[in-house]
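Okay, so here's the structure we're looking at.
Small disclaimer: the values here were computed from a predicted structure and weren't measured. Positions are given from 1, in the same order as the sequence printed here.
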Amino acid sequence: MPSKSIPEPWQSFLSDIDATLAEDVELHCLGGFVVTVLYDLARATADVDVIAITPRSEIESLMSLAGQGSDLHRKHKIYLQLVGVATVPDTYEERLTEMSPGSFKHLRLFALDPYDLALSKIERNTQRDRDDVKHLARTLPFELDKLQERYRKELRPDLGNPEREDLTLTLWIEAIEEERHKA
């Protein structure tokens, strides 16, 4: 995964969060923020989606400080969003990559790896999610067999409607393969 500096307005927003912290805090990031910052997808996103904040004791204060409707949200026009319903592969934490190490004193941002990032979008499956997955497939050496294997082993057992998500994955792979044949 590329190591990049965090662009504006996120850099200023995250620096303001960092300035309030007295201890190290980790954010496990996903969604449009990661696709935009690490993989150069040109699309608007107004939030930094996270699935975990460590230590957990910091969740309430961070959401009050930087969540939707907060002073930092009004100042920077972006906000921190704790995503409660994203399903991610079981061992995603083993594959996290630090985003822009050393950019902050106490704040550490970790991004899901590209396959876990794609799979985190499978249940919602909006047009934006499909576009993000196709962008990842275009931008990276994205191995479809690896995506399918991780889906089967680490995600499918936890899904509420696996047959629907099986179909979604099949359609995603067909769209990616079709796009690759056009290129």
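- Between Asp129 and Arg124 there is a salt bridge, with a side-chain nitrogen of the basic residue lying less than 4.0 Å from a carboxylate oxygen of the acidic one.
- No salt bridge links Lys182 with Glu177; every basic N to acidic carboxylate O contact stays at or beyond 4.0 Å.
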Using a 3.5 Å cut-off and no angle test, enumerate the donor-acceptor pairs between side-chain atoms of residues 130-142 and protein atoms at least two apart in sequence or in another chain.
residue: Arg130; atom: NH1; partner: Asn125; partner atom: O; Å: 2.5
residue: Arg130; atom: NH1; partner: Asn125; partner atom: OD1; Å: 3.4
residue: Arg130; atom: NH2; partner: Gln127; partner atom: OE1; Å: 2.9
residue: Asp131; atom: OD1; partner: Gln127; partner atom: NE2; Å: 2.8
residue: Asp132; atom: OD1; partner: Arg43; partner atom: NE; Å: 3.0
residue: Asp132; atom: OD2; partner: Arg43; partner atom: NH2; Å: 2.7
residue: Asp132; atom: OD2; partner: Lys121; partner atom: NZ; Å: 2.8
residue: His135; atom: NE2; partner: Tyr39; partner atom: O; Å: 2.5
residue: His135; atom: NE2; partner: Thr139; partner atom: OG1; Å: 3.2
residue: Arg138; atom: NH1; partner: Glu179; partner atom: OE1; Å: 3.3
residue: Arg138; atom: NH1; partner: Glu179; partner atom: OE2; Å: 2.7
residue: Thr139; atom: OG1; partner: His135; partner atom: O; Å: 2.7

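- When ring centroids are compared, Tyr92 and His28 come within the 6.0 Å threshold.
- No salt bridge links Arg152 with Asp166; every basic N to acidic carboxylate O contact stays at or beyond 4.0 Å.
- Side-chain contact of Asp18 with Thr20: a donor-acceptor pair under 3.5 Å is absent, judged by distance alone.
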Are Asp24 and His106 close enough, and set up right, to give a side chain to side chain donor-acceptor pair (under 3.5 Å), and what steps lead you there?
CA-CA 4 Å; Asp24 290 347; His106 291 292; 3.2 Å; yes
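- Contact annotation: the side chain of Glu58 approaches that of Glu23 to within less than 4.5 Å [non-hydrogen atoms, C-beta and beyond].
- Between Gln11 and Ser5, the side chains place no donor N or O within less than 3.5 Å of an acceptor N or O (distance only, hydrogens not considered).
- In this view, Tyr151 satisfies the ring-ring contact (aromatic ring centres under 6.0 Å, His included) rule with no residue, not counting sequence neighbours.
- Looking at Glu26 and Ile53, their side chains never come closer than 4.5 Å, going by heavy atoms from C-beta outward.
- Using a 4.5 Å cut-off on side-chain heavy atoms (C-beta onward), Val50 and Val83 make no contact.
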